[in-house]
Amino acid sequence: MSNGTINVGEDGVGILATGSSDNRTITASTVDLRGGTINVGNNQAVGVFIADDATNPLKTTVKNTGTNMTVGTNAFGYVVDSKTGTDLLLGTATNKLTASLGPDSVYAYSNDKNGYVYSNTDITTTGGKSYGLYTAGKTENYGNIDLTGGNGNVGIYSTGTGYTTNTGTITMTGEKVKGIVAGDSTTAGTAVINNEGNITVTGKEAVAVIAQKGGTVNMPSSSTSTATPVISVTGRSGLGLYSTSNGKINATNTTVNASGGAINVYKNGGNINLTNATLNTNADSLAFMTGGTTGKIDFSNTKVTTANINSKGTAFYYDGATTAGPTGYADFSKSNIQTWASGNFDNLNKLKLNMAASDSRMFIASQVKMNLADTNLTPANVASLFGSNSPQITGVTDYKTFLLYKSLLTIANTDTVNLDNHTEPYNLLEISNSSITNNGKITGTKAGQYAMAQTDDTNNASGTEWVKLINNGTISLSGSGSTGIYAQAGEITNNGTVTVGDSSAGIYAVENTKVDNQKDITVGSKSTGIFYTDIFKDPVTGVVTTYTTTTPLKNIGKITLSGNDSVGMTYETDNIGSGAAMENTGTIIANGDRSIALYA
């Protein structure tokens, strides 16, 4: 074919070659495409179909030096169903082709393990669930693959014993899109992809690079290559490098960028080897995630990999849910941290974590129980906590150490927390939907401070009370507008001493938080010992929500109003339900003027 147009209808085939001949002196066949256009229809239509003859199969070579292609819905540009070593040559170094794919289509598919696919084709799509190249043999791609038209698209898929080299640029946009995939999803193999091109994926659960079921991805192709691939992923739960089911990724001189809730590197039962790599972890994104019982993230023992943890980015994630047991929390003490690190990372001392901002974060830990002393991950203490397998730390020194989520933090009776010193371990924590037990002493002198404050955003959907704030020690806040203990949709128990100054609250409870004061609360002027309300105004949106109150407010301890114009207990309920009650069987002492014991 040197010119003209071939239009292929539904379920049709434009060119069929079976590689057969009655002339026994012919050992191969050729399909020669030099120009023109092939327009492929829908519903399993195929532009060029290569299949083996049943009686006399011969090797077929497709040479396309100038024929472009459009592919419809649920259709194929090229299909090779052969075992004869078919060569599919799509373009040349000086002749680049173009192909446009519809939804649920494939540009070039070959199951010939002995075959060869060469593509210098710029591939685009207008739909989703389409593939650029899907091959089982040797493959070389020099074209650019831009599948930004829909969800579920895949740039290059190398299966079985395939061996692929990519130097083209791959760009994907849409949910669950995949840049390059080495290995089947179900059957173990030895597929290899050598990638020297840049890959950019954008979308929820988008993945740039996947190695699975024994597949291997090398970036770049060899130790002598001068290529420096850039892998970029943007979107919630997106992945830059993902290795699972004994897959392996070797990334040298490679840059991986994660933004918008994405993850740079995720080892989930596979191996990822990083040598002189650079990771840029941006806001709401994560550098390293680990899963599965096998495989490791291994940093070269000779060259350092740098992870730049930028503003609101996080270095590590630990999920305690699988080992939490009946308590709901997994122990994440110093020894547990070291065990986790050694079990998931090798040569961690060759990782340089550049904590670029004060709101950069070292860890997110979910469903864990920790002592305050074990959260001290400041630069001077990192080696002590990680042990010998410890990363290097550069950048700022006041980064956030842990975000504890659905977790339990215990402040020991030997611990003293000074809220005025922002570099103390307690003040470098972020705590969300979690419980805190204070057995020590928490102090502060500045205005607007909180000793303990939590909101249960889960609304107890799992039936678990994640927010339980217990004070067995001492809380002393002298700054105005401060709160000793605050909880929304949680539980507050005071078995110790809470002292606050003027215009403050000893305990502040919202949305059916259960309050039980067993001991001492002392407040200054224009303050409240225990304040409960079922009215909540969102500080960001300004939206006001009124909840139905079904929990009692209880004081059996002592509340001392040391100043003027103060209230012992306030029960602000606009919507009272069954179980609501204000109960005082303790003591309320008013030492000043114009104070009220109970207000409802």
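Excluded from the calculations below are hydrogen atoms, water molecules and symmetry mates; all remaining heavy atoms, backbone and side chain alike, are included. Because the structure is predicted, anything quoted here is derived from the model rather than measured.
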(request) Determine the sole option in Ile199, Leu239, Val265 for which the side chain to side chain contact (heavy atoms under 4.5 Å, CB included) test with Ile231 is passed. (result) Ile199
(message) The criterion is side chain to side chain donor-acceptor pair (under 3.5 Å); which residues satisfy it with Thr522, sequence neighbours excluded?
(response) none
(message) Suppose the criterion is ring pair (Phe, Tyr, Trp, His ring centres under 6.0 Å): which pairs have a residue in residues 183-221, not counting sequence neighbours?
(response) none
(message) Please enumerate all residues that pass side chain to side chain contact (heavy atoms under 4.5 Å, CB included) together with Asn257, with sequence neighbours excluded.
(response) Val230, Ser232, Thr255, Asn280
(request) State which residues pass side chain to side chain contact (heavy atoms under 4.5 Å, CB included) with Lys213; sequence neighbours excluded, sorted by chain then number. (result) Ser245
(request) Output every pair passing ring pair (Phe, Tyr, Trp, His ring centres under 6.0 Å) with a member in residues 203-254, not counting sequence neighbours, ordered by first then second residue. (result) Tyr242-Tyr266
(message) Does atom NZ (Lys296) have a neighbourhood of more than 12 heavy atoms from anything else shown, all under 6.0 Å?
(response) yes
(message) To the closest 0.5 Å, what do you measure between NZ (Lys400) and OG1 (Thr375)?
(response) 11.5 Å
(request) Keeping to residues at least two apart or across chains, list the ring pair (Phe, Tyr, Trp, His ring centres under 6.0 Å) pairs with something in residues 347-370. (result) Phe316-Phe363, Phe332-Phe363, Trp340-Phe363, Phe363-Phe402
(request) Kindly compute the distance separating CD1 (Ile309) from OG1 (Thr281), expressed to the nearest 0.5 Å. (result) 4.0 Å
Would you be so kind as to tabulate the donor-acceptor pairs closer than 3.5 Å made by side chains of residues 167-183, with sequence neighbours excluded?
residue, atom, partner, partner atom, Å
Thr167, OG1, Asn141, O, 3.4

(request) Would you tell me whether Asn389 and Ser342 have side-chain atoms, one donor and one acceptor, within less than 3.5 Å of each other? (result) no
(request) Consider only side-chain N and O atoms of Asn376 and Thr378, and report whether a donor and an acceptor are under 3.5 Å apart. (result) yes
(request) Please identify each residue that fulfils side chain to side chain contact (heavy atoms under 4.5 Å, CB included) with Lys138, with sequence neighbours left out. (result) Tyr116, Glu140
(message) If we ignore hydrogens and angles and just use 3.5 Å, is the side chain of Ser407 paired with the main-chain N or O of Gln367 as donor and acceptor?
(response) yes
(request) Tell me, please, which residues at least two apart from Phe531 pass ring pair (Phe, Tyr, Trp, His ring centres under 6.0 Å). (result) Tyr508
(message) Which residues pass the side chain to side chain donor-acceptor pair (under 3.5 Å) test with Thr161, not counting sequence neighbours?
(response) none
(message) When you compare the side chain of Ile492 with that of Tyr486, does any pair of heavy atoms fall below 4.5 Å?
(response) no
(request) Please name all residues satisfying ring pair (Phe, Tyr, Trp, His ring centres under 6.0 Å) with Tyr142, sequence neighbours left out, ordered by chain then number. (result) Tyr118
(request) For Tyr405, check side chain to side chain contact (heavy atoms under 4.5 Å, CB included) against everything at least two apart and list the hits. (result) Ser366, Leu403, Ser432, Asn433, Thr458
(request) Mind checking the CG-OG1 spacing from Asp374 to Thr401? Nearest 0.5 Å is all I need. (result) 11.5 Å
(message) I need the single residue from Thr497, Asn494, Val500, Ile485 that forms a side chain to side chain contact (heavy atoms under 4.5 Å, CB included) with Ile521. Which is it?
(response) Asn494
(request) Verify, without hydrogens or angle tests, whether Thr513 (side chain) and Ala487 (backbone) share a donor-acceptor contact under 3.5 angstrom. (result) yes
(message) Asn250 and side chain to side chain donor-acceptor pair (under 3.5 Å): which single residue from Thr216, Asn194, Asn218, Asp298 fits?
(response) Asn218
(request) Compute whether any side-chain donor of one residue and acceptor of the other, for Thr228 and Asn253, lie under 3.5 angstrom apart. (result) no
(message) Would you say Asp516 and Thr493 are linked by a side-chain donor-acceptor pair, where the criterion is simply a distance under 3.5 Å?
(response) no
